[in-house]
Novice: 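The following block contains the structure, expressed as structure tokens.
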Amino acid sequence: MILNNKVKLGFFFLFSTVLNGQKAVAKKDTVATQNLDEVIISATKTIRQLSSLPLPAQLISNTEIKQINSLRLHNVLNEQTGLITVPDFGGGEGIQIQGLDSQYTLLLIDGVPLIGRSAGTLDLSRITVGNIKQIEIVKGASSSLYGSEAMGGIINIITKKAKEGFKGSLSNRYGSFNGNDLGVNLSYKKKKVSFSTYFNSYNSDGYNLDTSTTLNTVEPFSNYTLNTKVLYDFSDKTDFLISGRYYTQKQDYIASETLKGESEIKEWNTHLKLEHKYSTKWNSYLEFYATRYKAEEYLNNPDNSLFSEAYFNQLLLRPEIRGAYTPNNKSIFIGGLGLSHETLKRTYFSTNPTFNSPYLYLQYDTNLSEKINILIGARFDAHNKYKSQFSPKGALRYQINSTLAVKGSLGYGFKSPDFRQLYFDFSNATVGYTVLGYNAVSTRIAELEKEEQIANIIVPISEFSSELSPENSIGVNVGVDYKPLHTISLSINLFRNNIKDLIDTRVIANKTNGQNVFSYYNVNEVYTEGLEFNSTWKPNSQLKIAAGYQLLYAKDKKAEKAFNNGEVYARESSSSSSFQLRKTHYFGLYNRSRHTANFKVFYNIPKWSANTNLRGVFRSKYGLYDTNSNNFLDAYDDFVSGYSIWNWAINKTFYKNYQLGFGIDNLLGFTDTQNISNIAGRIIYGKLNIQF
């Protein structure tokens, strides 16, 4: 149950510090190592030691998640190097990886994908972190294993498994904005059967960053999550897993002082997996995954009559069979085939489309010697609406000596146009703009012209006679891992993503009400490039200091050419005359910061059974709009100023099984009322955790 306010306040004033961190221990590397303390599965779909991978990857441990007292996935990811959480106009919280938007990052839970992207963004705030074992992040094109949507990388959330006997925990965090998060973990394991379940309740009064309006930036909401996992060992060679997840959220939906209603989300998934080991060299997996995401919302007039309503109903079914062959302790082959069947029913669609995509993949991972690891893979995706895609990838890591290693990878990524980009047919009832899917333009524009809603057409309708092409990229990563001392780890990774046929929005017509009609189109060539630097210093078992930095350039090649040719002009004010811009004036793509950084200090105090940490993130300036009307983001546009966010937490354990925590997120109380809707201001909280 959710605690009453008196109990919550009692917790709040008692708290002063939470759980002692666990120190991960590195093991000797082999392709088939079974140590799960520092291993990652997502990068190769096999068990690999993180430090030996030829790919750029990160791992966030359960220990770190508990120590920073995070509630939702976006809180954790935003503190990692090269990851930036950004809000979309629908209120969702997405993620950028290597300058690529969230629609190019595949989000997985236990290796299977989540659905329900609003405006291309899969809202990370849907995901609670209370039952997470670790979070695995693989950067760069990963379509060779995961297909569409993995063009920028993948984020795989690994949930906890049951340990021997009966175990449980209860946690409650209460903080600013009447935010309350309650979590219950229960697990049982004996002989052949293990069972685990997790329940989470999270509610908040929301917050308002703009006091000039009565509308909240985020309206009050409440959501609930239930995860259950059952594992049965038929024998030493055969295991069966069934897991399920259910999520529901209700939130006030207020469009104006007179139009008020409610939005509701319901999501479920079921995952079945049968694993059989034929011998020490052969094993196979048979999987079936089903998930549905439903969202409904309505607005009522002051007299409680219906003003508008909308629905979103997406279904994904995916059977897959894969096998692994390990001829020796140096090499492993893995291959699989499957089918993705996807449907979507949505209010603003001109049809109810269905996508069918069979696929096949194969990968070879080998240690040619103690110093050289090579990874080669490819995937073939067919599609009932588009031409087939072939996605190869290769990677190599060379251990120069005990302290220095170099690695590099080259891969192809793609993303097929989604349902929204093809079939959307939406007109905003309050503002008046219209968004049309590519395939809906020809018919719908003609209807709007008959209704005398079109003032003039900017893009000829003939441009929509061909098909919208899948987006694709070639991703290159080159890195160095350096460990000069056993207490110091350094790594640098240079990356470049060359993207063709990027799908973006543009104005295709002006409406008679002064608003615009938007649709989608392929941008010829875009690239993101830069470098990432990570460093860790652990002088002893009590102290850990980590820092990371990303330098990013994200630009449109067509725009670069226009600046080079002197075709772009700007003016500093409406009264001044225009002047020609040079190449150096072009900043790049919208919502990308040139510089981002993070800094973390974790300190354990064994004598007091306590730990504390301070974490900071920095994001340099970025542009959201073209403010001088030349259709490019240049040095004379208005920018969102750079900012930093600092978070602090302190935790203490009592009587072994009781932990109290206290913390302040956004310690300095930073807000930007005009441009940044996902930073609420200073959040003060207290937390209680009980193990049993």
Side-chain angles (χ1 to χ4, degrees), residues 27-50 52-55 57 108 110-113 136 138 142-147 150 154 156 158 161 189 191-194 229-243 271-289 318-340 358-370 372-381 390-397:
K27 299 292 184 179
K28 183 179 178 180
D29 174 56
T30 66
V31 171
T33 180
Q34 293 298 308
N35 167 42
L36 293 180
D37 289 332
E38 282 190 343
V39 302
I40 185 168
I41 301 171
S42 310
T44 61
K45 288 196 175 182
T46 58
I47 299 172
R48 283 295 306 271
Q49 188 174 345
L50 177 65
S52 73
L53 274 178
L55 307 170
L108 310 164
D110 291 326
V112 290
E136 302 177 353
V138 181
S142 301
S143 293
S144 62
L145 280 180
Y146 294 97
I154 62 168
N156 191 12
I158 308 297
K161 291 184 179 180
K189 182 177 181 181
K191 295 182 179 179
K192 295 185 175 183
V193 180
S194 65
K229 184 184 296 185
V230 179
L231 179 65
Y232 183 73
D233 298 331
F234 287 100
S235 67
D236 293 339
K237 296 183 177 181
T238 306
D239 300 330
F240 177 70
L241 170 72
I242 180 170
S243 65
H271 183 204
L272 292 84
K273 182 165 70 173
L274 181 66
E275 178 183 0
H276 181 70
K277 298 178 182 178
Y278 300 95
S279 66
T280 57
K281 294 184 177 182
W282 284 96
N283 66 311
S284 66
Y285 305 83
L286 177 62
E287 282 188 321
F288 179 77
Y289 177 65
R318 197 190 74 177
E320 178 178 307
I321 184 171
R322 69 177 183 267
Y325 173 60
T326 310
N328 51 57
N329 63 357
K330 294 183 178 181
S331 303
I332 184 170
F333 292 87
I334 184 168
L337 59 93
L339 169 70
S340 291
Y359 59 85
L360 171 71
Y361 61 85
L362 181 65
Q363 178 183 267
Y364 176 53
D365 186 359
T366 183
N367 289 329
L368 293 182
S369 68
E370 291 184 358
I372 300 176
N373 175 236
I374 292 179
L375 183 72
I376 301 172
R379 174 168 165 144
F380 178 80
D381 288 81
F390 178 69
S391 308
K393 186 166 188 173
L396 181 146
R397 186 177 191 274

Novice: Verify, without hydrogens or angle tests, whether D233 (side chain) and D236 (backbone) share a donor-acceptor contact under 3.5 angstrom.
Specialist: no
Novice: Return the OH to CD distance between Y285 and E320, rounded to the nearest 0.5 Å.
Specialist: 11.5 Å
Novice: How many angstroms lie between atom OG1 of T238 and atom NE2 of H276, to the nearest 0.5 angstrom?
Specialist: 4.5 Å
Novice: Go through K189 and K161 one step at a time and tell me if the side chain to side chain contact (heavy atoms under 4.5 Å, CB included) criterion holds.
Specialist: CA-CA 9 Å; K189 182 177 181 181; K161 291 184 179 180; over 6 Å; no
Novice: Report yes if some heavy atom in the side chain of D110 is under 4.5 Å from a heavy atom in the side chain of I158; otherwise report no.
Specialist: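 In contact.
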Novice: Please name the pair of heavy atoms, one in T326 and one in S331, separated by the smallest distance, quoted to 0.1 Å.
Specialist: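 For T326 versus S331, the nearest heavy atoms are CG2-O, 3.3 Å.
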Novice: Decide whether a cation-pi geometry holds between K273 and Y289; the criteria are a distance under 6.0 Å from NZ or CZ to the six-membered ring centre and an angle within 45° of the ring axis.
Specialist: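 Not satisfied by the 6.0 Å and 45° rule.
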Novice: Can you tell me how far apart OG (S369) and CD1 (I374) are? Round to the nearest 0.5 Å.
Specialist: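 S369 OG to I374 CD1: 9.0 Å, rounded to 0.5 Å.
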Novice: What are the two closest non-hydrogen atoms of K45 and L145, and how far apart are they?
Specialist: NZ-O, 3.7 Å
Novice: Could you walk me through whether S142 and K393 pass the side chain to side chain contact (heavy atoms under 4.5 Å, CB included) check?
Specialist: CA-CA 8 Å; S142 301; K393 186 166 188 173; 4.0 Å; yes
Novice: Atom OH of Y325 and atom CD1 of I334: how far apart are they, to the nearest 0.5 Å?
Specialist: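 Y325 atom OH to I334 atom CD1 measures 15.0 Å (nearest 0.5 Å).
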Novice: Can you give me the closest heavy-atom contact between P113 and R318, atom names plus distance?
Specialist: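 Minimum heavy-atom contact is CD-NH1, 3.7 Å.
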Novice: Checking F380 against F390 for the ring pair (Phe, Tyr, Trp, His ring centres under 6.0 Å) test, could you report, in this order, the C-alpha distance in whole Å, the side-chain angles of both residues, the deciding distance, and whether it holds?
Specialist: CA-CA 5 Å; F380 178 80; F390 178 69; 7.4 Å; no
Novice: Could you check whether any side-chain heavy atom of L339 comes within less than 4.5 Å of a side-chain heavy atom of P358, counting everything from C-beta outward?
Specialist: yes
Novice: Is a donor from one side chain sitting under 3.5 angstrom from an acceptor on the other, for D365 and N373?
Specialist: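 Yes, a side-chain donor-acceptor pair sits under 3.5 Å.
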Novice: Exactly one of L108, V112, V138 should register a side chain to side chain contact (heavy atoms under 4.5 Å, CB included) with N156. Which one does?
Specialist: L108
Novice: Kindly compute the distance separating OG (S42) from CG (L55), expressed to the nearest 0.5 Å.
Specialist: 11.0 Å
Novice: Ignoring hydrogens, what is the shortest heavy-atom contact between Y361 and S144? Give both atom names and the distance.
Specialist: CB-O, 3.7 Å
Novice: Could you go through the side chain to side chain contact (heavy atoms under 4.5 Å, CB included) check for L53 and R397 one step at a time?
Specialist: CA-CA 7 Å; L53 274 178; R397 186 177 191 274; 5.9 Å; no
Novice: Hey, could you give me the CG/OH distance between L274 and Y232, rounded to the nearest 0.5 Å?
Specialist: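 Output value for this atom pair is 12.5 Å.
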Novice: Can you name the closest pair of heavy atoms from N283 and Y278 and give their distance?
Specialist: CA-CD1, 4.0 Å
Novice: Would you call L272 and F240 a side-chain contact if the rule is heavy atoms closer than 4.5 Å?
Specialist: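 With C-beta onward as the side chain, the pair touches.
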Novice: Looking at every non-hydrogen atom in both residues, tell me the closest pair between Q363 and A43 and how far apart they are.
Specialist: OE1-O, 4.5 Å
Novice: Any sub-3.5 Å donor-acceptor pair from E136's side-chain atoms to I41's backbone N or O?
Specialist: yes
